[in-house]
Student: 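Have a look at this one before I ask anything.
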Amino acid sequence: TKSILAVTMNPSVDISYPLETLQLNSVNRVTEVTKTAGGKGLNVARVLHQLHSPVIASGILGGTIGQFIEKKLDETKIKHNFMPINQESRNCIAILHDDMQQTEILETGPLLDEQDEANFLIHFENSLDNISVVTISGSLPKGLSTELYTKMIEIASIREIPVVLDSSGKPLKVSLSGRHKPFLIKPNQEEIAQLIEKPIHDLVELQEVLTINSLFKGVEWIVISLGADGALVKHNEEFFRLTIPKIDVVNPVGSGDSTVAGLASAIAAGTDDVEVMKTGMTTGMLNTMEKQTGFINNELFNEYYQKISLKKLN
Ligand code: ATP
């Protein structure tokens, strides 16, 4: 069977430091440290693994932080195939303090160059044997061109492998201007507004933008996730509105990544259109019910899948 290739170009070790109070200009000692393999594509890979969808995590890794990420993936039996570099991957620190406040310190990560980019594209092309779907998530490390995702989409498209792209800003815009389009994009409302550089007030306006703006032409699936409100989906020329039940949210971070995992797994399995959309909504919802980011309880899948309603719009 084929696998899904889940790409993260700038992965991290996510460190969580829970503190009663954060003392500035002083020493803070922390006992309950957690360190996990982080980065949007790694969330996607983890959820795919929980869905029992064969997955290989890929991207760029380096140094002892890179080794730590690989060790974490090995421990959870997630296959990986990263391109090694001679620099350290990054740490991202979240300090949870003073009654639910969260202070984050995010390293930029390695500084790469044209040679790294050329090497990665070869590495990527060589990773595509027996791949059903490619997912690309998140931002690019410094030094790589904004065209990198466009080039990856082109390489995959020539081999007729669909690409699910979950990015924002310049890399997303450039990818939508290329000759080969991503098969699926999953922006949220805010990312769409940023993309077209004007605010969107309601779903009618959103539908209009997705129909008229040439950026979206030729993108088979556009899934606009709306948090607790579900999603608006454009599939070829048709629009759908998905609504989801009210649930007790524990931690919504990574829901977008979990949605990407659900969508990709259904596409890879060749299910029908309704199942693609409902699977993406279900995995997004299930993620919000767990403490851990990019994590679902697959045993609840069918129960919540049944609760999603879908309406075709005119
Ligand atoms: P993130 O950046 O945190 O990964 P996102 O903005 O890309 O998230 P959202 O639209 O917040 O993505 O969430 C994706 C999907 O997860 C939603 O379409 C929905 O199915 C589910 N979801 C998210 N938040 C909630 C919520 N509060 N209640 C129920 N379901 C939710």
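Order of listing sets the numbers, starting from 1, for every ligand and every atom in it.
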Student: Considering the options Q102, E104, Q101, which one meets the side-chain contact (heavy atoms from CB on, under 4.5 Å) requirement together with L96?
Tutor: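 Result: among Q102, E104, Q101, Q102 is the only option passing the side-chain contact (heavy atoms from CB on, under 4.5 Å) with L96.
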Student: With a 4.0 Å cut-off, would you call E197 and K173 a salt bridge?
Tutor: yes
Student: Applying side-chain contact (heavy atoms from CB on, under 4.5 Å) between Y304 and each of I244, N297, T282, T283, report the one that passes.
Tutor: T282
Student: Give the table of side-chain donor-acceptor pairs shorter than 3.5 Å for residues 19-36, with sequence neighbours excluded, one pair per line with atom names and distance.
Tutor:
from : atom 1 : to  : atom 2 : distance (Å)
N28  : OD1    : Q23 : N      : 2.8
N28  : ND2    : Q23 : O      : 2.9

Student: Is a salt bridge present between R159 and D129, judged by a nitrogen-to-oxygen distance below 4.0 Å?
Tutor: yes
Student: Counting N and O atoms only, with roles assigned by atom type, does the side chain of E275 sit under 3.5 Å from a partner on the main chain of A266, one being a donor and the other an acceptor?
Tutor: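 No.
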Student: Anything under 3.5 Å between an N or O on ligand 1 and a protein N or O? List each pair with its distance, or write none.
Tutor:
from     : atom 1 : to   : atom 2 : distance (Å)
ligand 1 : 3 (O)  : G254 : N      : 3.4
ligand 1 : 4 (O)  : G256 : N      : 2.8
ligand 1 : 6 (O)  : N188 : ND2    : 2.9
ligand 1 : 7 (O)  : K186 : NZ     : 3.1
ligand 1 : 8 (O)  : G256 : N      : 3.3
ligand 1 : 10 (O) : S225 : OG     : 2.7
ligand 1 : 10 (O) : G227 : N      : 2.8
ligand 1 : 12 (O) : S225 : OG     : 3.3
ligand 1 : 18 (O) : G230 : O      : 2.9
ligand 1 : 20 (O) : M281 : O      : 3.4

